[in-house]
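In each ligand, atom 1 is the first atom listed, and ligand 1 is the first ligand listed. Since we're looking at a predicted model, the values are computed, not measured.
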Amino acid sequence: YDAKRNDLLVVAYEPERHSDPRGLLAMVGELRRAITTGELKVHYQPQLHTGFQDDRTTPSGVVTGETRNGLLAGAEALVRWQHPRLGLLMPGQFLPLAESHGLMDAITREVLTQAVAQQSRWRSVGRDIRVSVNLSAGTLLDRSLPKTVEALLDEYQVPATSLVLEITETALLREPERSVSVVKALMVLGIQVSIDDFGTGYSSLTQLRQLPVSELKLDRSFTADLLVDPRAAAIVANTIALAHDLHLRVVAEGVEDEPTLAALAHLSCDETQGYLHSRPLPAADFDDWLRRYELVRVPGSCAVASEL
Ligand code: C2E
Ligand code: MG
Ligand code: MG
Ligand code: MG
């Protein structure tokens, strides 16, 4: 485990290396157990208001460029597996296995529970932090999901409006009628829905017409090429304009440098998320990051991680 890069050097799950079905089955068993023994950890990555030249109205209220610029807007919950032998595993190393072995619903429930419990701890110290949780395609077919989430929010006394559920365009395609009805039931509760990795899936515009979502997340591939590829820049600029016409906020993911942040601010992108601000962190480290960030943040600008 390379702590500095927050990256695992060994790959835990490689289909070709795991041609041994017993090794694979053992891993599935370990994962099934991990869900119930607290080995799944949720990390949080900050999303910051970008700030605008002028004040505008978004679904979350009036955004004042002067005062909200750089302020914390929310956090994305990202799951990790603290494996007893292999160390900290990233989602790409175990979620495919969970998908193919019917463990995604259980993992989603665990992540949702940890995230909402954390929101309630933040609320108890006076912080109402919006949290985004990722849903996988299969989860959207579970008709009991809205009831489960409603019960969870009720148990922890967290308002539905502070929870965002991220779905992908592709997830809605498997069984469109059923998944759209589950998403609508979540929206009726007041939960916000976000389209993740926007632009990389299929029939994005049809989804936007069908579902009154709150947020679009611009895929990292567009953010990363914003300054070097005029075609990526044109897509980003016009996606932001389209989203604003539909009264949606836009979050750019994968923001790694200041010139990209400045370009996104120039294009009126509402919020940014990425290594420039912070990597995803355990809740305690997130709290430390936030305290230091708030100390150094210059009103009217986004402070960068190097200043911390
Ligand atoms: P995503 O939802 O698009 O999450 C963003 C990913 O980009 C995260 O990877 C995050 O760590 C990474 N990232 C953030 N900022 C930067 C940056 O500036 N540069 C680069 N290169 N990467 C950045 P992570 O945590 O490995 O998660 C990967 C994917 O796994 C997520 O993509 C999401 O689709 C899925 N995932 C993560 N947690 C969950 C979960 O609890 N449930 C479900 N169903 N899926 C999850
Ligand atoms: Mg996401
Ligand atoms: Mg994403
Ligand atoms: Mg992504």
Side-chain angles (χ1 to χ4, degrees), residues 5-8 11-13 31 34-35 39-48 74-82 88-100 102-116 118 130-142 145 149 163-171 179 192-201 204 213-226 250-261 264 271-282 285-286 289 302 304-306:
R5 287 179 53 230
N6 190 24
D7 232 338
L8 196 81
V11 174
Y13 175 61
L31 181 53
I35 300 168
E39 284 175 22
L40 293 188
K41 311 285 179 195
V42 178
H43 286 195
Y44 299 88
Q45 187 177 34
Q47 303 171 318
L48 303 181
E76 180 173 7
L78 295 155
V79 69
R80 278 89 180 88
W81 177 8
Q82 189 63 60
L88 194 68
L89 302 184
M90 304 306 271
Q93 296 172 300
F94 61 94
L95 289 187
L97 196 64
E99 288 281 4
S100 57
L103 297 178
M104 272 318 294
D105 282 357
I107 291 180
T108 301
R109 271 157 219 269
E110 172 63 16
V111 173
L112 271 167
T113 305
Q114 286 193 32
V116 172
Q118 182 57 47
R130 187 190 78 201
V131 171
S132 299
V133 175
N134 292 281
L135 296 185
S136 71
T139 313
L140 290 182
L141 300 178
D142 176 6
L145 182 71
V149 180
L163 183 64
V164 181
L165 296 177
E166 295 190 2
I167 62 178
T168 62
E169 301 154 84
T170 323
S179 48
Q192 302 186 50
V193 173
S194 168
I195 308 243
D196 202 358
D197 304 330
F198 186 80
T200 61
S204 338
V213 299
S214 305
E215 176 185 283
L216 292 189
K217 292 193 80 173
L218 266 182
D219 191 62
R220 174 149 55 91
S221 56
F222 296 110
T223 310
D225 289 349
L226 184 58
V250 183
V251 182
E253 58 178 32
V255 179
E256 294 186 353
D257 54 69
E258 266 196 289
T260 302
L261 174 64
L264 288 163
E271 299 173 13
T272 59
Q273 173 184 348
Y275 295 167
L276 173 67
H277 305 312
S278 169
R279 300 214 164 221
L281 299 169
D285 296 346
F286 181 95
W289 175 87
C302 277
V304 288
S306 57

For the CG atom of Leu145 and the CG atom of Leu140, what is their distance to the nearest 0.5 Å?
7.5 Å
Mind checking whether Val111 contacts ligand 1 via backbone (N, CA, C, O), side chain (CB onward), both or neither, at a 4.0 Å heavy-atom cut-off?
side chain
Tell me whether the Mg ion (ligand 3) has Glu253 as a neighbour, meaning an N, O or S atom of it below 2.8 Å.
yes
Please work out whether any backbone atom (N, CA, C, O) or any side-chain heavy atom from C-beta onward of Ser136 is under 4.0 Å from ligand 1, and answer side chain, backbone, both or neither.
both
Tell me which part of Thr139 gets within contact of ligand 1: side chain, backbone, both or neither, using heavy atoms under 4.0 Å.
neither
Measuring from non-hydrogen atoms of Glu76 to any atom of ligand 1, is the shortest distance under 4.0 Å?
yes
Would one find an N, O or S atom of Glu76, in either backbone or side chain, under 2.8 Å from the Mg ion (ligand 3)?
no
Atom 21 (N) of ligand 1: which of Gln45, Arg220, Glu253, Gln273 has the nearest heavy atom?
Arg220
Please work out, at 4.0 Å between heavy atoms, whether the side chain, the backbone, both, or neither of Thr108 comes within that distance of ligand 1.
neither
Member of Val251, Thr223, Val250 meeting the side chain to side chain contact (heavy atoms under 4.5 Å, CB included) criterion with Leu264
Thr223
Ignoring hydrogens and angles, tell me if any N or O in the side chain of Ser100 forms a donor-acceptor pair with the backbone of Pro96 under 3.5 Å.
yes
Examine distances only and state if a side-chain atom of Thr108 and a backbone atom of Met104 form a donor-acceptor pair shorter than 3.5 Å.
yes
N, O or S of Glu166 under 2.8 Å from the Mg ion (ligand 3):
no
Determine which of the N, O or S atoms in Asp196 is closest to the Mg ion (ligand 2) and give its atom name.
OD2
Distance under 4.0 Å to a non-hydrogen atom of Glu256: what atoms of ligand 1 satisfy this?
17 (C), 18 (O), 19 (N), 20 (C), 21 (N)
Within the stated cut-off of 2.8 Å, is an N/O/S atom of Asn134 closer than that to the Mg ion (ligand 2)?
yes
If the cut-off is 4.0 Å to any non-hydrogen atom of Pro280, which atoms of ligand 1 fall inside it?
11 (O)
Any N/O/S atom from Asp197 (main chain or side chain) under 2.8 Å of the Mg ion (ligand 2)?
no
Specify side chain, backbone, both or neither for Arg279, according to which of its non-hydrogen atoms lie closer than 4.0 Å to ligand 1.
neither
Quick one: which ligand 1 atoms are inside 4.0 Å of a heavy atom on Met104?
44 (N)
When every non-hydrogen atom of Leu40 is compared with those of Gln114, the smallest separation belongs to O-NE2, 2.9 Å
Ligand 1 contact on Val255 by region, counting heavy-atom pairs under 4.0 Å:
backbone
OG1 (Thr272) and CD (Glu253) are apart, to the nearest 0.5 Å, by 12.0 Å
Among Pro91, Ala224, Gly92, which one has a heavy atom closest to atom 30 (O) of ligand 1?
Pro91
Using a 4.0 Å cut-off to any heavy atom of Asp196, which atoms of ligand 1 qualify?
1 (P), 2 (O), 3 (O)
Rounded at 0.5 Å granularity, tell me how far CG in Leu78 sits from NE2 in His43.
9.5 Å
Would you kindly say whether Gln192 and Glu215 are connected by a side-chain donor-acceptor distance under 3.5 Å?
no
Should Arg279 and Asp285 count as an ion pair when the cut-off is N to O under 4.0 Å?
no
Mark yes or no for whether Glu256, through its side chain, and Ala224, through its backbone, hold a donor-acceptor pair below 3.5 Å.
no
Does Val79 reach ligand 1 with a nitrogen or oxygen that is under 3.5 Å from one of the ligand's nitrogen or oxygen atoms?
yes
Do NZ/NE/NH1/NH2 and the carboxylate oxygens of Lys41 and Glu110 come within less than 4.0 Å?
no
Atom pair CG (Leu103) and CG (Leu97), whose distance is rounded to the nearest 0.5 Å:
7.5 Å
